Visitor: 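Here's a structure for you.
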Amino acid sequence: EPVDLPRMLDSVMQRLEQVAKKGEVTIVCDPHPSMVVGVPRLLDELAYNLASNAIRYNLPGGKVTLACGMDEAKRPYIQVIDTGIGIAPEEQDKVFERFYRVDKSRSKARGGTGLGLAIVKHAASFHGANIDLASELGQGTCITVTFPVQVWPDMGEGASPVVLDATTA
Ligand code: ATP
Ligand code: MG
């Protein structure tokens, strides 16, 4: 099913605006046209978990940017950038493990179970997407999920979409 990424990010942002207000975090959307053929609920959870982390691990007066679009190679991407506490280099691989949380006591105060990024990793691999994490302690974090090039049937002018079916192909 085609999922419109700008529309999905807008929906995520609306659901998170209340949360962000409490922590005085500004959410900005930077949507560019992009679509992924996939499972809407999984893609939504992927974006929602990244965005809620970006808010939860931010600093007062911080900023969260939700972006999507197509890269130079025409691959769709979702990118979440925050100006928060950051993740130390030695923790950057571990945070994708189930139940792993950096600094248990600090994380505890911010709630959560440590499953968010494991869900992100699962949803990304289900769609054949790649996850890139760039982060600096005290500066912030940028996570980019890049999907494979999407192949659309060449429908021509005014044609209706062709559904390829294994039984008729
Ligand atoms: P849950 O998402 O299940 O509510 P959680 O946020 O603790 O709980 P994950 O989303 O899997 O779990 O994140 C794992 C850990 O990685 C977090 O506890 C936090 O220490 C760290 N982390 C995740 N995202 C960020 C971020 N944007 N900035 C700084 N640290 C982060
Ligand atoms: Mg989380």
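Order of appearance sets the numbers: ligands from 1, and atoms from 1 within every ligand. Treat the numbers as computed from the prediction; the structure is a model and nothing was measured.
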Visitor: Tabulate below the donor-acceptor pairs under 3.5 Å that side-chain atoms of residues 111-127 make, not counting sequence neighbours, or state none.
Guide:
unit_1, atom_1, unit_2, atom_2, d
S125, OG, H122, O, 3.3
H127, ND1, A123, O, 2.8
H127, NE2, V39, N, 3.0

Visitor: CG of N58 to CD of E24: how many Å apart, nearest 0.5 Å?
Guide: 11.5 Å
Visitor: For atom 18 (O) of ligand 1, which of F99, F96, Y57 has the closest heavy atom?
Guide: Y57
Visitor: Do D132 and T146 get their side chains close enough for a donor-acceptor pair, meaning under 3.5 Å?
Guide: no
Visitor: I'd like to know if R56 and D82 make a salt bridge, using a cut-off of under 4.0 Å between side-chain N and carboxylate O.
Guide: no
Visitor: Would you name the heavy atoms of M70 and P33 that are closest together and state the gap between them?
Guide: CG-O, 3.5 Å
Visitor: Is the contact between R56 and ligand 1 made by the side chain, the backbone, both, or neither, using heavy atoms and a 4.0 Å cut-off?
Guide: side chain
Visitor: For the Mg ion (ligand 2), what is the number of protein N, O or S atoms at a distance under 2.8 Å?
Guide: 1
Visitor: Considering the heavy atoms of Y100, write down every atom of ligand 1 situated less than 4.0 Å from one of them.
Guide: 14 (C), 15 (C)
Visitor: Work out which heavy atom in D30 is nearest to a heavy atom in H32; give both atom names and the distance.
Guide: OD1-NE2, 3.0 Å
Visitor: Is a donor on one side and an acceptor on the other found under 3.5 Å between the side chain of Q92 and the backbone of I87?
Guide: yes
Visitor: Counting only heavy atoms, tell me which of S135, G116, G114, A54 gets closest to atom 8 (O) of ligand 1.
Guide: G114
Visitor: Ligand 1 and N49, any nitrogen or oxygen pair closer than 3.5 angstrom?
Guide: no
Visitor: Nearest heavy atom to atom 23 (C) of ligand 1 wins, so pick from N53, T113, I85.
Guide: N53
Visitor: Using heavy atoms and a threshold below 4.0 Å, how should the contact between D82 and ligand 1 be classified: side chain, backbone, both, or neither?
Guide: side chain
Visitor: Taking atom types as modelled and ignoring hydrogens, do the side chains of R15 and S11 form a donor-acceptor contact shorter than 3.5 angstrom?
Guide: yes
Visitor: Out of V64, V95, V120, T83, whose heavy atom sits nearest atom 21 (C) of ligand 1?
Guide: V95
Visitor: Between L115 and ligand 1, does any nitrogen or oxygen pair lie at a separation below 3.5 Å?
Guide: yes
Visitor: For the residue pair Q150 and V37, what are the closest heavy atoms and their distance?
Guide: OE1-N, 2.8 Å
Visitor: Could E45 and R41 be called an ion pair, given the rule that one side-chain N must be under 4.0 Å from one carboxylate O?
Guide: yes
Visitor: Around D71, counting heavy atoms of other residues, nucleotides and ligands shown, do more than 12 lie under 6.0 Å from its CG?
Guide: yes
Visitor: Considering only heavy atoms, which of I55, I81, L117, V80 lies nearest to atom 13 (O) of ligand 1?
Guide: L117
Visitor: I87 heavy atoms, cut-off 4.0 Å: which ligand 1 atoms fall inside?
Guide: 22 (N), 25 (C), 29 (C), 30 (N), 31 (C)
